[in-house]
Structures are given as structure tokens and as C-alpha cells.
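Every number for a ligand or one of its atoms is a count from 1 in the order of the listing. Reckoned from all heavy atoms, side chains included, excluding hydrogens, waters and symmetry mates.
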Amino acid sequence: MSATIIDGKATSLKLRESTGKQVAEFVEQTGVTPHLVVVLVGEDAASAVYVRNKERACLAAGIKSTIHRLSAETSQADLLKLIAQLNANQDVHGILVQLPLPQQIEEQAILDVISPLKDVDAFHPENVGLLVQGRARFLPCTPAGCLQLIEQVCPDISGKHAVILGRSEIVGKPMGLLLIQRGVDATVTTCHSRTKDLASITSQADILIAAIGKANFVTADMVKPGAIVIDVGINRVDGKLVGDVDFAAVSQIAGAITPVPGGVGPMTIANLLQNALLAARTQTS
Ligand code: GUN
């Protein structure tokens, strides 16, 4: 038996189309065009591709996009100064600092000073706190995209056992928070590099989310037959993009699975556009 392939590309295009319509209505009602500023520091090749894709998606949805490309030698003080200017600029509704940052810059120090109202990544401690308390301002883009893909094949997640591989601030932790929120009601187990007897835990998952950044880490013996498998990994192996899941083998066991590319990745961008619109709404009276 082979799994249903969850089409993240098609789902993201539908969401982007809907956002585009909402943007057009917003512009008509307010005369304000939502404006997202992306800050890219250094020459990381993968980051450059992500940032270009974000810009294209913004433009297609009618969202104004500005990219600040800074040299890899940029100091933390200079980056803090730019963030302060963007915070104060009423023409800017959303600010995204592409991660990772060069090693001379402390990431958290930067994320901490982005205005929470402009924090479309939902990485600021205030926005993380609101999410923890079940009253999120912005949904974290990648976890929200994962949840939307899960809901496509499993409309009633209540009581399902979701196992998350990875405890990152960007995916693992906020993913758990979305899945245990009231109304979603999954039972969540989060595994990480110190987890003992990993396969025995992943084998109990109705929903398995892999976000560890290790190519082909999840093998068929770790997956319960019929499980929903969400692959957040983007790893480059011999010039090819592969996920954290051994797709060829696991797709023979799982009930549904996301491909890489064309799974979670496009959903992240679609949710970013939603957040950019929401940020503009919140800041426009
Ligand atoms: N780098 C990898 N994923 C992300 C993301 O979702 N947001 C930002 N700002 N940087 C990233």
C-alpha cells in the first residue's frame, strides 16, 4: 500500500490566492498597501533562495516587499540600528530577519528588539508568550503550515498522538503548542537528541513530524502503518533536496506523507503573507 501524497504546493497556492484577495480588499478599504521588509545578512545560498521566493510571493499577493541585503561583516550594533529604524517607520508593517545570522551577531538580541506588532515570524518573546497562553497574535509560519497540511488528511485531530522530532524555537516547540491548543487537542510528545528508544516512541505516532535537519533520518521501521508523516527537513545531499524522512520507504508504510520539495516549504511562505496582511491590519486604524 502506498501513502497519499499531501500536496503542499497546491495548498499553498490556494492560501496565497485567498490572501491576495484579502489584500486587495484591504487596500481598497484603507488605501494602505501592506509592506514587508526582509533583512538578509551575509551570503548564505539557501537563505538567498528563500528570500527571493518570499519576495516573489509578496508581489504576487499585492504586498509591497523590500529586501535589505547586508554584508556578512555587518556588526550587531548596525543591525540593531536598522531594526530600530524599521520599527519606527510607519510605512513598514512587517519585519523579517532571515536566519541564520553570521556568528558575530547574537540572534536572540535581534529577535528581542523587533516590534512585536511587526514580528511576522512570531519569534519575539511576547508573541511566543501569547502563543503559549492560547491567544496567539501571529501564528508561527512553518508550524501553522504543518497543521494545515495535517488537517487536509485528518480533519479531526482531537485525541491523536502527535510525535514531534526536534525541539527548535522555529519548528519543534511552537508545533507542539499549536497541536495541544484547545480545539486541536492532540496529545503531544516531543523527542530530541537525548530521547531514549526513539523508534519505540515514533512507532506510536498517529501524526509524526520530523524537524531535526538530518537527511533520511526517519526510516520505515520508525513509522506506524497508516500514520500521517510531515517532513519539515530541507537537506542538500549530492546537490539534491531531501527531507528528514526516507520518503521512498516510509511512503510504503504511512497513510499520508508530505514530499520534499513541494510539502511544508511552500506553506511557510503562504503563512508569512497572511501574517504580513494581519500586521498591516493591526497597525492601520
Ligand atoms: N530561516 C529558516 N526558516 C526561517 C523562518 O521561518 N524565518 C526566518 N526569519 N528565518 C528562517
Item to complete: Write out the protein residues near ligand 1, meaning a non-hydrogen atom under 4.0 Å from one of its atoms, in order of chain and number.
Response: L96, V97, Q98, L99, D121, F123
Discussion item. Given 3.5 Å as the limit, does a donor-acceptor pair link the side chain of D121 with the main chain of F123, or not?
Written reply: no
Counting only pairs under 3.5 Å, give me each side-chain donor-acceptor contact of residues 264-279, with atom names and distances, residues two or more places apart or in other chains.
| unit_1 | atom_1 | unit_2 | atom_2 | d |
| --- | --- | --- | --- | --- |
| T268 | OG1 | T142 | OG1 | 2.9 |
| N271 | OD1 | Q148 | NE2 | 3.0 |
| N271 | ND2 | Q148 | OE1 | 3.0 |
| N271 | ND2 | M267 | O | 3.0 |
| Q274 | NE2 | T19 | OG1 | 2.9 |
| N275 | ND2 | V120 | O | 2.9 |
| N275 | ND2 | L139 | O | 2.9 |

Worksheet item: Would you call T219 and V250 a side-chain contact if the rule is heavy atoms closer than 4.5 Å?
Response: no
Practice prompt. Before accepting this row, confirm whether a basic side-chain N of the pair K64/D91 lies closer than 4.0 Å to the acidic partner's carboxylate O.
Written response: yes
Name the atoms and distances for all side-chain donor-acceptor pairs under 3.5 Å in residues 204-217, with sequence neighbours left out.
| unit_1 | atom_1 | unit_2 | atom_2 | d |
| --- | --- | --- | --- | --- |
| Q204 | NE2 | S200 | O | 3.0 |
| D206 | OD1 | K224 | NZ | 2.8 |
| D206 | OD2 | H161 | N | 2.7 |

Fill in: salt bridge (charged side-chain N to carboxylate O under 4.0 Å, His left out) partners of residues 229-242, not counting sequence neighbours, each pair once
none
